[in-house]
Amino acid sequence: MEKLIVSGGNRLRGTVQISGSKNSALPIIAATLLTAEPCTIRGVPNLSDIQFMCDILKWLSVNVRHHKTDGVVEVHAQHPLGVAPYDLVRKMRASVCLLGPLLARLHNCKVSLPGGCVIGDRPIDQHIKGLKRLGAEVEVQNGYVHARCTELVGTDVFMGGRFGSTVLGTANIIMAATLAKGITYLEGAACEPEIEDLCDFLTKMGAKIKGSGSHMLVIEGVEQLHGAEHTVIPDRIEAGTFMAAAAMTGGDIEIKGARAEHLCAVRDKLEEAGATVHRNNGSIRVQATGLLKPVDVITMPYPGFPTDMQAQMSALMTVTPGISVITEKVFPNRFMHISEMARLGADVSLEGSSAIVKGVRGLSGAPVMASDLRASAGLVIAGLGAEGETEVNRIYHVDRGYEKLDQKLRALGAKIERVAE
Ligand code: UD1
């Protein structure tokens with residue numbers, strides 16, 4: 001196993017290139033199962049989660065070629081199998097988005113339930129409800145979701161749950177509806193940019209989708225879809241992570257490829273915290289002085305402040321003079337990183353789904369443990385702002401979702417090394 005050694009104190013300066021979006025690429029790769037023709041996906045980041053998805057497709061007897069250095073995934077799903085086993089699915093929760101395309105293509109599939117996750121309870125009741133509305137029989141048995149139908153039939157489906165609209169649930173129902181008979185009216189759909197990107201790809205495959213990017217989608221089912229090529233959108237969470245890192249270190253960086261329109265809520269909060277954020281054509285520049293102001297943040301579904309930026313923003317708050325509050329409305333228990341930040345000297349108390357953060361004069365480096373993907377990014381950012389050495393363990397979480405995070409930070413002037421444990 002490897003770990004990152006971060007020595008804080010350096011201001012980040014320079015230019016960083018953002019990779020393609022992991023959360024776009026995963027459902028888009030799953031969507032290639034909807035056609036027997038070859039598909040080519042470009043701009044795919046080289047991450048372990050992408051590798052897991054490709055491995056599952058290979059297990060399903062699908063022809064997959066993953067050109068890691070070029071960011072290209074080619075898929076040819078001529079005769080996919082319909083069973084995704086626990087051993088592969090448990091490695092990545094996002095494999096649940098195989099359900100929609102497998103059911104639509106094969107009318108019978110079994111996908112293992114992915115199991116628990118440290119960021120909280122992650123039920124899939126909304127996915128199941130949606131598939132049932134389209135006419136599928138769905139049973140959960142022996143740890144598997146077994147979905148079957150004679151045909152899928154378009155109808156109205158409501159995707160809103162207790163914590164807002166489900167992103168991958170929306171992806172599943174959209175994919176299933178593309179091959180359903182008749183029209184599906186998807187209300188309360190998640191409108192994250194990654195869902196819009198999926199709709200763009202499906203449209204290239206011949207799907208008929210109206211309202212992409214909004215809460216109300218109208219999908220007219222077609223007999224079959226064809227092969228297509230697509231380049232995934234840049235990763236807004238990776239970009240947001242670099243924005244927070246710049247603010248933390250009083251840095252001045254240009255984030256190339258970042259789409260400012262996908263990061264309005266993050267930009268707003270960083271500006272409120274005292275950073276200057278310029279939106280250039282095809283990039284975002286963040287300039288910070290290191291003088292920070294407290295902010296209140298509430299995570300929400302898009303276009304609200306993303307839950308996937310909560311840990312990184314919490315890190316910033318730990319050294320912001322005054323009291324900041326961050327409230328989780330998407331995954332109310334997603335606060336595992338807080339106790340690790342306390343090891344660096346952060347003063348944070350949890351009140352229900354809110355973290356009350358009293359800014360301290362400085363953090364001091366210590367060994368910490370990453371509990372999940374975004375928590376690990378939060379700990380790296382905390383380390384960049386801490387005095388001395390912070391040792392971030394279990395960085396396989398980082399590698400699930402950040403392409404070359406340490407290399408990119410080093411190029412911006414950070415002192416960060418990857419070493420074997
Ligand atoms: C996706 C993202 C993840 C992000 C999350 C929220 C991918 C691969 N992952 O995850 O990075 O943090 O969106 O923006 O794109 N819920 C239910 N019932 C369901 C489904 C979800 O109650 O059937 C709840 C969840 O427990 C959570 C909330 O809804 O509280 C949002 O979850 P959801 O949008 O489904 O997250 P994912 O799509 O799994």
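As the structure lists them, so they are numbered: ligands from 1, and atoms in each ligand from 1. Positions are given from 1, in the same order as the sequence printed here.
Below 4.0 Å from some heavy atom of Ile124 lie the following atoms of ligand 1, by number and element: 19 (C), 23 (O). Near Leu168, with a cut-off below 4.0 Å to any heavy atom, the atoms of ligand 1 are 8 (C), 38 (O), 39 (O). The distance from ligand 1 to the heavy atoms of Thr307 drops below 4.0 Å at these ligand atoms: 6 (C), 12 (O), 14 (O). Which parts of ligand 1 touch Gln126 is read off a 4.0 Å heavy-atom cut-off, strictly below it: atoms 18 (N), 19 (C), 23 (O). Taking every non-hydrogen atom of Ala94 and a distance limit under 4.0 Å, the qualifying atoms of ligand 1 come out as 8 (C).
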**Request:** Given side chain to side chain contact (heavy atoms under 4.5 Å, CB included), test Val16 with Glu238 step by step and report yes or no.
**Result:** CA-CA 11 Å; Val16 62; Glu238 186 197 13; 5.7 Å; no
**Prompt:** Given the rule in the side chain to side chain contact (heavy atoms under 4.5 Å, CB included) test, do Phe158 and Leu186 qualify, once you have shown the distances and angles that lead to the verdict?
**Reply:** CA-CA 6 Å; Phe158 177 62; Leu186 195 54; over 6 Å; no
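The 12-atom threshold is exceeded at CD of Glu187, counting heavy atoms of other residues, nucleotides or ligands nearer than 6.0 Å. Heavy atoms from other residues, nucleotides or ligands lying under 6.0 Å from NZ of Lys129 number more than 12. Under a cut-off of 6.0 angstrom, the local environment of OH in Tyr185 is sparse, with at most 12 non-hydrogen atoms contributed by other residues, nucleotides or ligands.
When all heavy atoms are compared, the tightest approach of Ala245 to Leu12 is CB-CD1, 3.7 Å.
Backbone and side-chain nitrogen or oxygen atoms of Asp308 are examined, and one is located within less than 3.5 angstrom of a nitrogen or oxygen of ligand 1. At under 3.5 Å, not a single nitrogen or oxygen of Pro332, backbone or side chain, sits near a nitrogen or oxygen of ligand 1.
Comparing Val167, Asn23, Thr166 by heavy-atom distance to atom 2 (C) of ligand 1, the nearest is Asn23. For the residues Ala25, Ser165, Pro123, the heavy atom positioned nearest atom 17 (C) of ligand 1 is part of Pro123.
By the criterion of a heavy-atom distance under 4.0 Å, both the backbone and the side chain of His127 are placed next to ligand 1. Counting heavy atoms closer than 4.0 Å to ligand 1, residue Val330 contributes atoms from both its backbone and its side chain.
A donor-acceptor contact shorter than 3.5 Å is absent between the side chain of Glu351 and the backbone of Ser354. With hydrogens and angles ignored, the 3.5 Å screen pairs no side-chain donor or acceptor of Arg394 with any backbone N or O of Ser376.
Heavy-atom distances between Glu194 and ligand 1 stay at or above 4.0 Å for every pair. Within the structure, the closest approach of Arg334 to ligand 1 falls below 4.0 Å when heavy atoms are considered.
Partner of Lys3 under the side-chain contact (heavy atoms from CB on, under 4.5 Å) criterion, out of Val392, Val398, Val419, Val368: Val419 alone.
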